[in-house]
Amino acid sequence: MKMKSQGMIAVKMLLAFTILTGILYPLMITGLAQLIFPHQANGSLVKKDGRLLGSELIGQKTDSSIYFWPRPSATDYNTLPSGGSNLGPTSEKLKNLAEKRRKAFVFGNNLRTNTVVPAEMVFASASGLDPHISPRAALLQMDRIAAARSFSKQQKRQLEELILKKTELPQFSLLGEARVNVFMLNLALDKTP
């Protein structure tokens with residue numbers, strides 16, 4: 001009889017915590033997020049003239065010479081099977097892929113062959129969707145974009161200022177590194193005269 005009553009208590013506790021942590025708590029957090037941070041809670045979506053352009057949180061593929069290139073993606077920017085390549089530091093495939101990407105970046109930006117390419121332009125992020133690159137990676141692409149858009153010297157200076165303006169500092173001045181959101185930078189680039 002005692003076993004039956006303990007079993008019943010266990011089932012009641014399971015149901016109570018399922019309702020509490022599986023239904024009530026998620027609804028409360030979702031409701032608070034919608035009230036306090038509606039833009040972020042809905043995916044930080046960017047719209048223009050009512051048309052969805054993308055999300056500030058997800059990198060987008062572009063290889064056009066008139067735009068900044070994002071870091072490589074192991075999933076080709078597909079959000080459903082997002083993730084890294086799982087290639088380790090001893091992988092010959094990773095070494096060859098990194099060298100191929102380094103050469104493509106150097107060639108595509110008309111840089112000297114001995115240019116040190118920032119790591120994020122050679123290696124994919126863990127999610128495969130990271131929208132950020134370093135300010136240095138953006139600055140290395142500046143000449144290519146200025147030439148492709150036939151920018152004057154003044155416009156090229158404005159492009160450099162735009163990169164610096166769009167650079168996000170480390171969170172609380174100590175978490176992470178300075179970074180540039182490529183998607184937001186490219187949107188701002190299209191607005192420049």
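Both Leu139 and Val106 are assigned to one and the same hydrophobic cluster, defined by single-linkage of ILVMFWY side chains at heavy-atom distances under 4.5 Å. Met184 is not connected to Met121 by any chain of hydrophobic side-chain contacts under 4.5 Å among Ile, Leu, Val, Met, Phe, Trp and Tyr, and they are in different clusters. Hydrophobic clustering (side-chain heavy atoms under 4.5 Å, transitive across Ile, Leu, Val, Met, Phe, Trp, Tyr) keeps Phe183 apart from Leu185. Residue Leu20 is grouped with residue Ile9 when hydrophobic side chains (ILVMFWY) are merged at heavy-atom distances under 4.5 angstrom, including chains of intermediate members.
Between Leu159 and Met142, the shortest heavy-atom distance links the atoms CD2-CG, 3.5 Å. Listed here is the closest heavy atom pair of Phe105 and Ala137: CZ-O, 3.9 Å. Here the shortest heavy-atom pairing between Leu140 and Val116 reads CD1-O, 4.2 Å. Closest approach of Ala138 to Ile133, counting heavy atoms only: N-CD1, 3.7 Å.
Rounding to the nearest 0.5 Å places CD1 of Ile145 at 8.5 Å from CH2 of Trp69. Atom CZ of Phe123 sits about 5.5 Å away from atom CG of Leu94, to the nearest 0.5 Å.
Residues forming a salt bridge (Lys or Arg N to Asp or Glu O under 4.0 Å) with Lys95 (at least two apart in sequence, or on another chain): none. Applying the salt bridge (Lys or Arg N to Asp or Glu O under 4.0 Å) criterion to Arg157, with sequence neighbours excluded, gives no partner residue. Residues that satisfy the salt bridge (Lys or Arg N to Asp or Glu O under 4.0 Å) test with Arg102, not counting sequence neighbours, are Glu99.
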Check against side-chain contact (heavy atoms from CB on, under 4.5 Å), Leu15 and Thr18: CA-CA 5 Å; Leu15 286 173; Thr18 299; 5.5 Å; no
Which is it for Leu187 and Lys48 under the side-chain contact (heavy atoms from CB on, under 4.5 Å) test, yes or no, and what are the steps along the way? CA-CA 10 Å; Leu187 288 178; Lys48 181 179 179 185; over 6 Å; no
Can you give me every donor-acceptor pair (side chain of residues 30-47, partner residue at least two apart or in another chain, under 3.5 Å) with its distance?
from	atom 1	to	atom 2	distance (Å)
Thr30	OG1	Pro26	O	2.7
Gln34	OE1	Asn42	ND2	3.3
Gln34	NE2	Asn42	OD1	3.1
His39	NE2	Glu56	OE2	3.0
Asn42	ND2	Pro38	O	2.8

Identify every side-chain donor-acceptor pair in residues 162-180 under 3.5 Å, counting partners at least two apart or on other chains, and give the distances.
from	atom 1	to	atom 2	distance (Å)
Thr167	OG1	Ile163	O	2.7
Arg179	NH1	Leu169	O	3.2
Arg179	NH1	Glu177	O	3.2

Donor-acceptor pairs under 3.5 Å, side chain of residues 58-66 to any protein atom, not counting sequence neighbours: which ones?
from	atom 1	to	atom 2	distance (Å)
Gln60	NE2	Leu53	O	3.2
Lys61	NZ	Asp76	OD1	3.1
Thr62	OG1	Ser64	N	3.4
Ser64	OG	Ile66	N	3.3

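Between the side chain of Glu161 and the backbone N or O of Gln158, no donor-acceptor pair lies under 3.5 Å. With hydrogens and angles disregarded, no donor-acceptor distance shorter than 3.5 Å links the side chain of Arg71 to the backbone of His132.
With contacts defined as side-chain heavy-atom distances shorter than 4.5 Å, the pair Glu120/Asp130 does not qualify. Taking 4.5 Å as the limit, every side-chain heavy atom of Asp143 sits out of range of all side-chain heavy atoms of Asn109.
In this structure, Met28 places its CE atom where more than 12 heavy-atom neighbours from other residues, nucleotides or ligands lie under 6.0 Å away.
Taking the ring centre of Tyr67 as origin, the terminal cationic atom of Arg144 falls outside the region bounded by 6.0 Å and 45° from the ring axis.
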